[in-house]
Each structure stands twice: as C-alpha cells, then as structure tokens.
Amino acid sequence: MDVTPILDGLNKAQREAVSSPDAALLVLAGAGSGKTRVLVHRIAWLISVEQLSPHCIIAVTFTNKAAQEMRGRVENLLGHSASAMWIGTFHGLAHRLLRAHARDANLPDTFQILDSDDQLRVIKRVMKEMNLDDTEWPPKQAQWFINKQKDEGKRPKDIKHQGDLFTSVHCKVYFQYEEACKIGGLVDFGELLLRTYELLRDNQHLRDHYQQRFQHLLVDEFQDTNGIQYAWLKLISNKDCGVTIVGDDDQSIYGWRGAKIENIQRFDRDYADVKTIRLEQNYRSTGTILKAANAVIANNQERMGKNLWTEDDEGEPISLYAAFNEQEEARFISSRINEWHEDGNAFADCAILYRSNAQSRVLEEYLLQRQIPYRIYGGLKFFERAEVKDTLAYLRLMYNHQDDAAFERVVNTPPRGLGQKSVEKIRETARAEQTNLWQAAWKVVEDKQLSPKANGALLMFLELIKQGYQEFHELPLEEQIQLTIEASNLMEMYAKEKGEKALARKENLAELASAAREFDVDDYPELSPMTAFLAHASLEAGDTQAEQYEDCVQLMTLHSAKGLEFPLVFIAGMEEKLFPHMMSMDEPDKLEEERRLAYVGITRAMKKLYLLYAEKRRLWGKDTYPAVSRFIREIPAQLKEEVRLNSQIATPTFSSGATQDVVNDGIEFKLGQMVNHPKWGSGVILNFEGEGDRTVVHVSFDCGESKRLMLAYARLEAL
DNA sequence: GTTATCCGGATTTTT
DNA sequence: TCCGGATAAC
C-alpha cells in the first residue's frame, strides 16, 4: 500500500496522529496547526490503510460548514465519493437516527424540528396557559432552564429540588412544554440529542446494531461538547470502536452554552490507554503574533499545556492604537483598511473583530462613509427571517397537521380576522379534547363556536391548508413553495409594506424558492422531499447575507471568528469591562474563558494585528473612561508598538485639533505631543478636555497605561 | 387591526 | 442611547 499521498506534506506530529494505531487518540491541536487536515487524512488512512469501510466511520462536527468541508476534503483526497460515511453535526446525525427509527423513539413519522425561536413561542404559550406572570417568570429564562436540563440529559422527573420555587416552577413548565411538543409532533434542538441518547440507551437491539456498525468515531472541536453529547458519543462507541478526538482546550469559548472542557480529561479517564498527541507547529501566523498569543494564554491556570511555534519570520510588531473614542477608533480602522486596499490588497483579507455586536454600528458608519464594502456576520440567518418562516410554517402545517407551532404562527398571518379571542377558543377546545390545534379548529368550525365571520375565515384557512397539500404535494419543491406563497396571500401582504423592507422580503421569498430548487434531496431517501427540505431549513439556518462573493471587509464577534483566519486583523474595544466583559470579570473561570477568547482573536491574524482601545467610550448613553484591557498588558512590550498620532496628523479629524494647543506654566502642549511624566515616563497627548486651570489631558504612555491627568498638577514636560 | 407610546433591558450563539 | 416588545388607544 502506497501511503505517500496520505502522509506527504505532513509534519512529524501530524503523521503520528494520522497513522496512529491506538484505539483511543486525543489530538490537542493548537490554532492554525492543521487540525482539519489531520482529521481528513486520518479518515483517509483508516479507509485506505486500515481497510475500514467508509460505512463504518462516523465523524461529528459542530457546524454544518465544518461537516461540509470535511466531507469535501475527504472525497478530494480519496478521489471518490464518501457518501457511505456518516459525516455531520451532532444535531444532523441525531436527526438522521431519529428519522430512521421514529417509531422506536416514540415520534410520529412527520415530526418537525423547532428552532430556538419556535421553541420560545411554544414555551410562551405554555406559560400563558399556566397563568404564569411573564415579568416574574420570563419565558427566555424558562427556555434556558429547559435547554440546560436537556443538555445534561435530564427529564423533568430527573430534576431534584427541595421546594425551591425557581426549580419547581420551571420543572412544571418543562413538563407542560414536553406535553405540548408531544401533541404537536415537535422536537427542539436539545430534544434531538436527548431523544437519540435515550433511544440508544433503552433499545439494546438498536444499540448493538450501531455499535457493531461504527468501528471508528471521530470528533472535531471536542472542547465544545456538552454533557449529553459526550454521553451520546460514549453510547455509539463501544469497546471495540476506535475513537479519535480533536480539540483545543485553549480555544474553548462556549462554556456559557454548556460546553465542558472537562470532557477532554474525562475522555482520558473513561477510555483505556488514551494516546495524546500535541500539534504545536503553527502554519498561520508570524512569530510575533504567536508569541503574543502564547504570552496571553499562559496566564490561565486551567490548561493542558501547549506552546505554539512557527518556522515563519517574526513579522511586524503588533500595533496598539489608543483612540480618543469609539468614533475615532472606527476612523482609524477604516483609514488603515483604505491604505491596505490601495496597496493592492483585498478587502476580504481583512477582518474587524469585537467582543459584542453593539460595537459594529460605529464601525459600519465609518466604513460606509469611506465606501468600503463590508459584510457583517451574525444577525438573522436566511431561514430565520419572518417571511421565510411564515412560508415554511404553511408548508409544515400542510405536511403535519398536528404542528401546533406552525398553526399558531400562520392562523392569522396574513390577518384574516382571527384575533386573540378566536385563537383562544381553539386553544381551549384543544386542551379540553386533549388534541392538537388543527383538530380543535375543525371542531370549533363544526360547532359554530365563533361569530359567523370568524367561523368562515377559519374554515377558509383550514381548507386552504388541506387543499394546498392535496394539490401541491406531488409537484416539484420549488413550485410547491411558489404556489404556497401565492395561495396564502403572504406575497400580497408583504407587497403592501412600504420601503426597502418589502423589497428585501420579496427577494427572500424568491430566494426561498430557488433554495428549494437547488436542494439536494438525496440525503433522506426515505422522507418526502418537502419533509427533508423543512428539516434542512431548521437544522441549517443558512447564511446571514446572500452576496458573500463580493470582496468585502469581514466584521464579526470574536466568537464567530473561531476557525477563520485573515492576513490583517483588527480587534476593537480592547478595554476592561468590554473585553474582558464586565459580566465575566468576577469569576476566575469566566475570566479564563475571556482570555481564551483573546487567544482565539489574536491567533486569527496571519500577518498583521492591530489592537485598539478607546480612551472614552459611550456605553448605554453614558460616557465611560475605560482602562486598557489586561490582555494588552499581558503581551510582552517588545512585541508591541504604539501607533503614534504624529503619523496620523494629516487626517482631517486631527488637523483641526491644531487649534487646541494648551499652554501651562509657559510650556506649550499640542495634540500628539510627546511628553514625559515623573511616574509614567514618556507618552503622547491624545486629547484635552475642559479649559484653563481645569484642563484635563489624556496621555497614552509608552508603558501601556493611558491616563487622564489634570494638566495643572501633572508635572508634564514637553519633549 | 393598526398605530403610538411607554418601559425595560442591554455578552458571546450553533443546531 | 437605542432597540424591541408589550400595551393602550384609535
């Protein structure tokens, strides 16, 4: 067997990982160390050298994107299709299992998936029925509670509580919510995992079947697994199953969402003879950037230990820029991006990262002003848009009449005269008859429980759904969607809306039809094409923006930047209370997670990194004067370089500042002036505030500190 | 059923 | 400050 193509071009540690004979392998893969490459080549190795059938391999990722990329690269390497292999997200694979064994899992064949938005609506309804005051008991909190329990594998009956109100009330909500899901044939994200887990746990026949089938399990981003995912993996991989897990404890940034880094150590305990391999050679960043990242993360106590290195040059120092305020921060970034582009570089090679989404607004303003094209990640995904969800809700209801969530969503969308009172009547009937809204609605119509007008409208609606299915369900997906949009009058409703919104909505509906045309049905041969499409829409919410091919600057939170890389990176808002965030500063665990986030941010940069902070930032309508982030201080001085305002003097904002000269004790101070302070040493003047005796001067000192000082007392020397 | 107004809340997010 | 959601008034 010629293994050259599989091992060629890999370094020693990578080769060792790819060709490891060990049954339990833990690969600690640092940022930019070729993690995906190792996974892909390991799969190829298992198939071509160890002669495992692709049929026996299961590979799990967290995002659809990662799953797609992995499949694509495996096929590329092997030179043939890998369709027999199970590659997917935890949720995608769980869904697949549940579809194949819906009866055994006690689900209707037509079960539909709730996304978190749908889930919240159902919870709200349930809580209303329970007469819980939603100010005292916020539905969001109940949703969080339920999901947390499911992530830990707990049903209402498994939750222990000693009469504390919070837990006992939420348990009841959880219980009622489960009932509602059962009646509606609905499954939320957490349920996909929990239900699959219980299915395999309680059904020995199925468990044996899958344990026999899967001979090797691979897991990507293992540090992000939560309790139920870990339990799930253990069930699938029996003693004879090879397991390869890949992860980086230093890049665990989803603890707040239930991810447990401890699962890595737990793996070490639970599996026999775990072989650990560290990938520490980095192929992405310059030496300077890596040293900075290493220095920052070294401040964390809870680490498995790892030190990235590179054969690459030291590269440029990391530039620090002390902006006057958030506007000036944005101004600086956009002007640097402009220069970058004028030097012949692509906008798309450049990213602006920030801790929280609110920071993107000012940045956008300035990019817009300079006519720099940009793309913001985050926000509503395609399949989450209201118009798209409305259309899909019609289809869901057509294919699964018991889907109460869909029923609620469209029973009066577009408005057809079925207000709160009419809907409440239907709910009441449903409760009394222990049935779904669809059945109840028919009964309400038959018994003429509503006013003649509402009764007529409801009947029209019910007929529309019933006939819609009969007339459309054999047509191609695209036509079904097109006809549904028309027949439901949704298009008409949106057309009435004014402004750009209406236009965008129309475009999205057209886009929905075309997404259906391009949808590949093959994944679920046993499902009707529409059911498969609807599941796809819930599991893979799609991209945020359509035009991703244009050359534009990438704006995103540090969280969403994980896994990406850019030649030029700006991290904005490097300030205490913003990053590390105020809410994560008090507890050591949370602070360490913030630091890992900083580590992730720094290691995104390939060639050049800018760290920015503002002297003054307007937060929630109030001016704040934040301190420089500790993460900047944790980077050794020799790797950093303060960007001087002197070099910026030609920019409009500051040329006007020349009028702001201030005289104190006969010494003349200017913006951008180099000064010396007895305690802080040399620095540069950023701004003046106030007048006369009360003049406050902002100075950014070379030691990294920046201070606001009363000029009269500051004993500053002009240099 | 639509529009106006008030109030509260305000990290991070994938499936 | 600014956004969205919920309520009240038309």
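Below, chains carry the letters A, B, ... as their sequence lines are ordered, and counting in each starts from 1. A quick note: this is a predicted structure, and the numbers were derived from the prediction, not measured.
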Worksheet item: Atom NZ of A/K140 and atom P of C/dG5: how far apart are they, to the nearest Å?
Response: 8 Å

Worksheet item: May A/H91 be described as stacking on the base of B/dT15, applying a 5.5 Å centroid limit and a 30° limit on plane angle?
Response: no

Worksheet item: For A/G153 and A/I228, which heavy atoms make the closest approach, and how far apart are they?
Response: CA-CD1, 3.8 Å

Fill in: Whole-Å distance separating the CZ atom of A/F189 from the P atom of B/dT15
8 Å

Practice prompt. Nearest whole angstrom, please: distance from the P of B/dT13 to the CG of A/D117.
Written response: 16 Å

Item to complete: Quick one: label A/G190 by what it contacts on the DNA or RNA (base, sugar-phosphate, nothing), any heavy atom closer than 4.0 Å.
Response: nothing

Response to the item:
When rounded to whole Å, the CE to C1' distance for the pair A/M582 and B/dT11 reads 9 Å

Worksheet item: Does A/R257 make a side-chain N or O approach to OP1 or OP2 of B/dT15 shorter than 4.0 Å?
Response: no

Worksheet entry | Earlier contact from the 5' end, DNA chain B, for A/G419 and A/S584 | A/G419

Practice prompt. Could you work out which one of C/dC3, B/dT15, B/dT12 sits closest to the side chain of A/E384?
Written response: B/dT15

Discussion item. Are the side chains of A/K260 and A/E152 in contact, using a 4.5 Å heavy-atom criterion?
Written reply: yes

Item to complete: Return yes if a side-chain donor-acceptor contact under 3.5 Å exists between A/Q251 and A/Y599, otherwise no.
Response: no

Worksheet item: Within the structure, does a side-chain N or O atom of A/K381 lie under 4.0 Å from either OP1 or OP2 of B/dT14?
Response: yes

Worksheet item: Rounded to whole angstroms, how far apart are CZ on A/F62 and P on B/dT15?
Response: 11 Å

Discussion item. If you assign A/R416 and A/L558 each to the DNA chain B nucleotide with the nearest heavy atom, which residue ends up on the more 5' nucleotide?
Written reply: A/R416

Worksheet item: Can A/R375 and A/Y377 be counted as having a side-chain donor-acceptor contact under 3.5 angstrom?
Response: yes

Discussion item. For a quick check of understanding: with a heavy-atom distance under 4.0 Å over all strands, which category does A/E594 fall into, base, sugar-phosphate or nothing?
Written reply: base

Discussion item. By the 4.0 Å heavy-atom rule, please label A/N357 as base, sugar-phosphate, or nothing.
Written reply: sugar-phosphate

Worksheet item: Nearest-Å distance, NZ (A/K148) to P (B/dT13)?
Response: 20 Å

Fill in: Distance-only donor-acceptor check, side chains A/D188 and A/Y177, under 3.5 Å
yes

Fill in: A/D390 side chain to A/T413 side chain, donor-acceptor N/O pair below 3.5 angstrom
no

Practice prompt. Any strand is fair game: report the nucleotide pairing with B/dA4 by Watson-Crick or G-U wobble, both distances under 3.5 Å, or none.
Written response: C/dT7

Item to complete: Tell me what A/N412 touches on the nucleic acid: a base, only sugar-phosphate, or nothing, going by heavy atoms under 4.0 Å.
Response: sugar-phosphate

Discussion item. Using atom P in both nucleotides, what's the gap between B/dT11 and C/dG4 to the nearest angstrom?
Written reply: 14 Å

Practice prompt. Give a yes or no on whether a donor-acceptor pair under 3.5 Å exists between the nucleobase atoms of B/dT14, that is its base, and the side chain of A/S116.
Written response: no

Worksheet item: Picking from B/dT12, B/dT2, B/dT15, which would you name as closest to the side chain of A/T89?
Response: B/dT15

Discussion item. For A/F519 and A/F533, take the angle between the two ring planes, folded into 0 to 90°, and tell me which bin it lands in: parallel under 30, tilted 30 to 60, perpendicular over 60.
Written reply: perpendicular

Practice prompt. Would you mind reading off the distance between A/W144 atom CH2 and B/dT12 atom P, rounded to a whole angstrom?
Written response: 17 Å

Discussion item. Would you say A/Q119 and A/Q143 are linked by a side-chain donor-acceptor pair, where the criterion is simply a distance under 3.5 Å?
Written reply: yes

Item to complete: Ignoring backbone atoms, test whether A/S560 places a side-chain nitrogen or oxygen under 4.0 Å from the OP1 or OP2 oxygen of B/dT13.
Response: yes

Item to complete: Mind telling me if B/dT5 is syn or anti? Syn here is a glycosidic angle within 90° of 0.
Response: anti

Discussion item. Side chains of A/E329 and A/Q359: any donor to acceptor distance under 3.5 Å?
Written reply: no

Discussion item. Rounding to an integer number of Å, can you tell me how far A/Q143 CD sits from B/dT15 C1'?
Written reply: 13 Å

Discussion item. Near DNA chain B, counting only heavy atoms under 4.0 Å, which residues of residues 119-129 of chain A show up?
Written reply: none

Worksheet item: Is the phosphate of B/dT15, meaning OP1 or OP2, less than 4.0 Å from a side-chain N or O of A/N64?
Response: yes

Discussion item. If you compare every side-chain N and O of A/T557 against the phosphate oxygens of B/dT13 (OP1, OP2), does one of them come in below 4.0 Å?
Written reply: yes

Worksheet item: When the P atoms of C/dG5 and B/dT12 are considered, how many whole Å apart are they?
Response: 16 Å

Item to complete: Identify whether a stacking contact exists between A/W256 and B/dT12, where the ring centres must be under 5.5 Å apart and the planes under 30° apart.
Response: yes

